[in-house]
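Remarks on the structure that follows.
The sequence lines fix the lettering, A, B, ..., with proteins before strands; numbering per chain opens at 1.
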Protein chains: 2
Amino acid sequence: MAKDLNTEQKIKEAARKVFLKKGFAAARTRDIAEEAGINLALLNYYFRSKEKLFRQIMEESLHTFFSSVLPTMSDPNVSLRDKVPFFVNSYTDVLISNPELPVFILSELRNDPDHIVQTLQMNKRLNLSVLFGQIMEAQQKGEMIPLQPWNFLLNLLSLTVFPFIARPLIQRLSDTNDEQFKQLVEERKAMIKAMVMGYVFTEKGKG
Amino acid sequence: MAKDLNTEQKIKEAARKVFLKKGFAAARTRDIAEEAGINLALLNYYFRSKEKLFRQIMEESLHTFFSSVLPTMSDPNVSLRDKVPFFVNSYTDVLISNPELPVFILSELRNDPDHIVQTLQMNKRLNLSVLFGQIMEAQQKGEMIPLQPWNFLLNLLSLTVFPFIARPLIQRLSDTNDEQFKQLVEERKAMIKAMVMGYVFTEKGKG
DNA sequence: ATCTGATTTAATCAAATGATTAAATATTTT
DNA sequence: AAAATATTTAATCATTTGATTAAATCAGAT
């Protein structure tokens, strides 16, 4: 554990590591204290409880996971055609840097969905109306095929995020190392963009 | 809890319910016993330990999750073009009936990936060589664009499975009920098939 | 240097939890 | 029916675990 961090930062860094690896229920406060190189009581002195510490980590994780792309996706000055490659490139890069984030968030979503959704909505970055408005407008102009806006977004999310969720399975079944996995998802960038845009945009929309 | 099941079946049904809802670490054996309407000691009498009970549930879950589609995907007598719609239709139906399965498997994958992969490989149904062979053959014939076989499989899996993983988020953000969610994934069936096949198969391959 | 408040620790508590035991009850076999 | 075996229960154990306490140490102000 780096020496140049103050105690609070050390604890948070350790907590992030342990929580992301094991999830809330399986993580023990003693693990976190040991990882941080401090005493168990000190953890409670700084954060009051495991729950409170966890919430801070979760909120920061949600911020990392969403705020890297959502502001641009909510920007009416960025066209729909520009948003697709931006989303795929940015998100892939975020996930390469934080590969454990999707499983962490999506598995904790099962235990306390309301806290996560509430945190997301407080972070005013989540505003789908602009994106969905652009989709419906493009459809009215005949530039895009009929498709539920949510299904459009789900396609981008699925194709980008899912490989990181299934990563332990993929790497074992295909017997590949971390570097090869990174190469796989890098190759997916171009593929996802071509597949999604080729499917949703009409000839008129491609012009 | 149904009265016409014997004790072992009652315990397993209760365990499945609790484990799938909470995951291994957060599930308590007392929850399972109560859900089954039996005493805690009886659970250990039948299954020896929480761990052993969990492994049975996990192995059955893996069987449900994989063996419904993989045998056909490994069948050399089924063409690649037929496999895509079969996969999407069958998998979506399995997931509609077992919506909690993906999060359960993929989040436990983090804790004990080797057990899961080992269980999968013992279940001889997992044989990707036929599918991957068909992909490479189609590419050599010019019927399919160049694409890593794993990325082809990942596209199908991502687009089909991911919505079920993100379901709590989707339903809250879009304010929809279970019936509307089912409708959404039903609509995705046709979309996924059209998008994936439109992208990977060349004009020659579509003939 | 001393006082004061913040930080850190060792020790301990209380509750939760997986598991066991021994006894009671039900079922099957003889 | 009696014996033997299987099933079920209440009570208890031992460990784990989140949290607290009281004392010790450190840092900065006076």
Heavy-atom side-chain contact between A:Phe104 and A:Met58 under 4.5 Å = yes

Would you check if B:Leu154 and B:Gln148 make a side-chain contact, meaning some heavy-atom pair closer than 4.5 Å?
no

Checking the side chain of B:Glu108 only, and the main-chain atoms of B:Gly23 only, is there a donor and an acceptor separated by less than 3.5 Å?
no

Rounded to whole Å, the CD1-P distance (B:Ile11 to D:dA6) equals 17 Å

When rounded to whole Å, the CG to P distance for the pair A:Leu53 and D:dT17 reads 16 Å

Rounded to whole Å, CD1 of B:Ile38 lies from C1' of D:dA10 at a distance of 14 Å

Parallel, tilted or perpendicular, judged at 30° and 60°: which one describes the rings of A:Trp150 and A:Phe132? perpendicular

Q.
Can you see whether B:Asn44 engages B:Lys50 through a side-chain donor-acceptor pair at a distance of less than 3.5 angstrom?
A. no

Give each protein N/O atom lying under 3.5 Å from an N/O atom of nucleotides 17-21 of chain C, with the pair distance.
residue	atom	partner	partner atom	Å
C:dT17	OP2	B:Arg28	NE	3.4
C:dT17	OP2	B:Arg28	NH1	2.2
C:dG18	OP1	B:Ala27	O	3.4
C:dG18	OP1	B:Lys50	NZ	3.1
C:dG18	OP2	B:Thr29	N	2.9
C:dG18	OP2	B:Thr29	OG1	2.7
C:dG18	N7	B:Arg30	NH1	2.8
C:dG18	O6	B:Arg30	NH2	3.2
C:dA19	OP2	B:Lys50	N	2.7

*Would you say a side-chain N or O of B:Thr7 is under 4.0 Å from OP1 or OP2 of D:dT8?*
yes

At a cut-off of 3.5 Å, list every protein nitrogen or oxygen paired with a nitrogen or oxygen from nucleotides 23-25 of chain D, distance to 0.1 Å.
none

query = Where the side chain of A:Ser74 meets the backbone of A:Asn127, is there a donor-acceptor pair that is under 3.5 Å apart?
reply = yes

Check your understanding: Looking at A:Glu100 and B:Arg110, does any basic side-chain N land under 4.0 Å from a carboxylate oxygen?
Key -> no

Separation of C:dA6 atom P from A:Leu42 atom CG, nearest Å, is 15 Å

Considering every strand and a 4.0 Å limit on heavy-atom distances, what is the contact class for B:Phe47: base, sugar-phosphate, or nothing? nothing

Rounded to whole Å, the CG-C1' distance (A:Asn6 to D:dC26) equals 16 Å

Q. Any donor-acceptor pair under 3.5 Å linking the side chain of B:Arg188 with the backbone of B:Leu159?
A. yes

Below 4.0 angstrom, N of the basic side chain to O of the carboxylate: do A:Lys17 and A:Glu35 qualify?
yes

Whole-Å distance, B:Tyr46 OH to D:dT9 P, equals 10 Å

